[in-house]
Participant: 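Pasting a structure here, questions to come.
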Amino acid sequence: ARRDSDLRLKRAARLTHDGIWDRSFTLDRSWWSDSFHQLLGYAPGEVAPTEEAWAARIHPEDRERVLSGYRAAIARRDHSWSEEYRVCLPSGLCRVLFDCGYLECDAAGRPQRLSGSARDLTELRRAEDTLRDSQRTLAALLGNLPGLVYRVGPPPQLAVEFLSQGCLELTGYAPDELMGG
């Protein structure tokens, strides 16, 4: 039963591409899935799964905030902890991780185990940055065009979804006043 359980956990970790981790306070032992090792830039089994090895990969600008929040959540007996932070890989590249854990306490409220998972958000954050840059560029372009640029939604409503700033000069109405109409 234990082997089956371990196998299911390893499969789940591989399928989700999330890094899974577990820390037992009672046994003073930690475990990381292969994918968690890899998210941190370690080969599976390259380092012992310790708080020190994890902290060593956290970006120096994020490290104090992340470790303080992590330790404070344990001290407060918060049942959940989460944080977004950067990790530095040996190649010099950084990844953005969203890490979250669940704290289990005994009947007296003493921490027994903290288990969690980390997800790589690097590509998502990169796509969001690209989208923001594109939106700024488009807004600057439309704001400097003479005349009026607009977009209406599909029939039958044909509601105004976008109006450029040229609307005010041509119509006397600010774009916000005509939106949706």
Side-chain angles (χ1 to χ4, degrees), residues 11-21 32-42 54-103 114-181:
R11 276 192 205 117
R14 271 195 314 265
L15 291 170
T16 64
H17 303 286
D18 290 350
I20 311 292
W21 50 268
W32 295 350
S33 68
D34 289 351
S35 52
F36 191 67
H37 275 89
Q38 291 165 344
L39 283 175
L40 297 177
Y42 295 116
W54 168 60
R57 289 291 200 236
I58 299 173
H59 191 287
E61 293 174 8
D62 298 345
R63 189 175 297 133
E64 183 57 37
R65 172 183 52 84
V66 172
L67 294 176
S68 293
Y70 172 81
R71 291 175 183 143
I74 295 167
R76 286 189 312 265
R77 311 303 195 251
D78 289 349
H79 287 288
S80 64
W81 166 82
S82 64
E83 194 71 59
E84 186 172 313
Y85 58 93
R86 295 167 292 171
V87 293
C88 299
L89 307 179
S91 65
L93 297 175
C94 288
R95 283 192 178 121
V96 178
L97 300 185
F98 176 73
D99 203 344
C100 59
Y102 181 79
L103 180 66
L114 183 62
S115 303
S117 66
R119 175 165 286 172
D120 187 350
L121 299 182
T122 308
E123 290 306 314
L124 175 63
R125 293 297 175 252
R126 214 173 269 142
E128 289 172 344
D129 290 345
T130 300
L131 177 59
R132 266 191 300 281
D133 289 346
S134 295
Q135 288 171 331
R136 278 193 293 269
T137 300
L138 181 60
L141 176 64
L142 293 175
N144 290 312
L145 280 177
L148 173 67
V149 178
Y150 66 94
R151 182 181 69 228
V152 295
Q157 292 84 12
L158 296 172
V160 177
E161 295 178 345
F162 174 81
L163 283 165
S164 68
Q165 287 300 316
C167 175
L168 181 61
E169 186 179 318
L170 288 173
T171 68
Y173 293 100
D176 294 351
E177 295 177 83
L178 299 177
M179 292 297 290

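Each residue takes its place number in the sequence, starting with 1. In this text the structure is predicted, and so the values were computed from the model without any measurement.
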Participant: For a quick test of reading the model, state the closest non-hydrogen atom pair linking Leu97 to Ala118 and the distance between them.
Facilitator: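 It is CD1-CB, 4.5 Å.
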Participant: Please confirm whether the ring centroid of Trp54 lies under 6.0 Å from the ring centroid of Tyr70.
Facilitator: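 Distance test on ring centres: under 6.0 Å, yes.
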Participant: Measuring from atom SG of Cys94 to atom CZ of Arg125, what distance do you get when rounded to the nearest 0.5 angstrom?
Facilitator: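 Between Cys94 SG and Arg125 CZ, I get 15.0 Å after rounding to 0.5 Å.
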Participant: Answer yes or no: is there a side-chain heavy-atom contact under 4.5 Å between Ser82 and Phe98?
Facilitator: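 Ser82 vs Phe98: side chains touch.
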Participant: When you measure from the side chain of His79 to the backbone N and O of Leu103, does any donor-acceptor pair fall under 3.5 Å?
Facilitator: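 The answer is yes, because a donor-acceptor pair under 3.5 Å joins these two groups.
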Participant: Within this structure, what is the CG-CZ distance for the pair Leu163 and Arg151, rounded to the nearest 0.5 Å?
Facilitator: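 Going from the CG atom of Leu163 to the CZ atom of Arg151 covers 10.0 Å.
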Participant: Check whether any side-chain N or O of Glu177 sits under 3.5 Å from a backbone N or O of Ala174 as a donor-acceptor pair, and report yes or no.
Facilitator: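 Here the side-chain-to-backbone pair exists.
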Participant: Could you check Ser33 against Trp21 for side-chain contact (heavy atoms from CB on, under 4.5 Å), going step by step and ending with a plain yes or no?
Facilitator: CA-CA 6 Å; Ser33 68; Trp21 50 268; over 6 Å; no
Participant: Are the side chain of Ser117 and the backbone N or O of Ile20 linked by a donor-acceptor pair below 3.5 Å?
Facilitator: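 No: the side chain of Ser117 does not pair with the backbone of Ile20.
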Participant: Within the distance-only criterion (no hydrogens, no angle test), does the side chain of Asp78 pair as donor or acceptor with the backbone N or O of Ser80 below 3.5 angstrom?
Facilitator: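 A pair under 3.5 Å: no.
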Participant: Is there a donor-acceptor contact under 3.5 Å from the side chain of Arg95 to the main chain of Leu89?
Facilitator: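 A pair under 3.5 Å: no.
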Participant: Under the rule for salt bridge (Lys or Arg N to Asp or Glu O under 4.0 Å), what residues qualify as partners of Asp129, not counting sequence neighbours?
Facilitator: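 Applying salt bridge (Lys or Arg N to Asp or Glu O under 4.0 Å) to Asp129 gives Arg132.
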Participant: Using 0.5 Å steps for rounding, measure from the CD atom of Glu84 to the CG atom of Leu121.
Facilitator: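 Glu84 CD to Leu121 CG: 5.0 Å, rounded to 0.5 Å.
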Participant: Could you list the residues that satisfy salt bridge (Lys or Arg N to Asp or Glu O under 4.0 Å) with Arg119, not counting sequence neighbours?
Facilitator: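 So Arg119 forms a salt bridge (Lys or Arg N to Asp or Glu O under 4.0 Å) with Asp18.
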Participant: Can you see which heavy atom on Ala55 is nearest to which on Arg63, and at what distance?
Facilitator: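 Taking every non-hydrogen atom into account, O-NE, 2.8 Å.
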Participant: Counting distance only, does the side-chain N/O of Arg76 pair as donor-acceptor with the main-chain N or O of Ile74 below 3.5 Å?
Facilitator: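 Not confirmed, Arg76 side chain does not pair with Ile74 backbone.
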Participant: Step through the shown structure and confirm whether more than 12 heavy atoms of other residues, nucleotides or ligands are within 6.0 Å of CZ on Phe162.
Facilitator: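 Result for CZ/Phe162: enclosed.
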Participant: Count the heavy atoms belonging to other residues, nucleotides or ligands that lie under 6.0 Å from CD of Glu161, then report whether that count exceeds 12.
Facilitator: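 Enclosed.
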Participant: Ignoring hydrogens and angles, tell me if any N or O in the side chain of Asp62 forms a donor-acceptor pair with the backbone of Ile58 under 3.5 Å.
Facilitator: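 Such a contact is absent between Asp62 side chain and Ile58 backbone.
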Participant: What is the distance from atom CG of Leu148 to atom CG of Leu142, rounded to the nearest 0.5 Å?
Facilitator: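 So the gap between those two atoms works out to 10.5 Å.
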Participant: About how many Å separate OH of Tyr42 and CZ of Phe36, when rounded to the nearest 0.5 Å?
Facilitator: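 Output value for this atom pair is 10.0 Å.
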Participant: Going by atom types alone, do Trp81 and Asp99 pair a side-chain donor with an acceptor below 3.5 Å?
Facilitator: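 No donor-acceptor contact under 3.5 Å links the two side chains.
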Participant: Between Val160 and Leu178, is a side-chain contact (heavy atoms from CB on, under 4.5 Å) present by the stated rule, with each step listed?
Facilitator: CA-CA 7 Å; Val160 177; Leu178 299 177; 5.5 Å; no
Participant: Under 3.5 Å, is there a donor-acceptor pair between the side chain of Arg57 and the main chain of Leu40?
Facilitator: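 Side chain of Arg57 to backbone of Leu40: a pair is present.
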Participant: Please report the interatomic distance OG(Ser35) to CG(Asp120), rounded to the nearest 0.5 Å.
Facilitator: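 Nearest 0.5 Å value for the OG-CG distance: 11.0 Å.
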Participant: Any side-chain to backbone donor/acceptor pair from Ser164 onto Val149? Under 3.5 Å, distance only.
Facilitator: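 A pair under 3.5 Å: yes.
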Participant: Tell me, please, whether Tyr85 has Arg65 positioned over its six-membered ring: NZ or CZ under 6.0 Å from the ring centre and within 45 degrees of its axis?
Facilitator: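 No, Arg65 does not sit over the ring of Tyr85.
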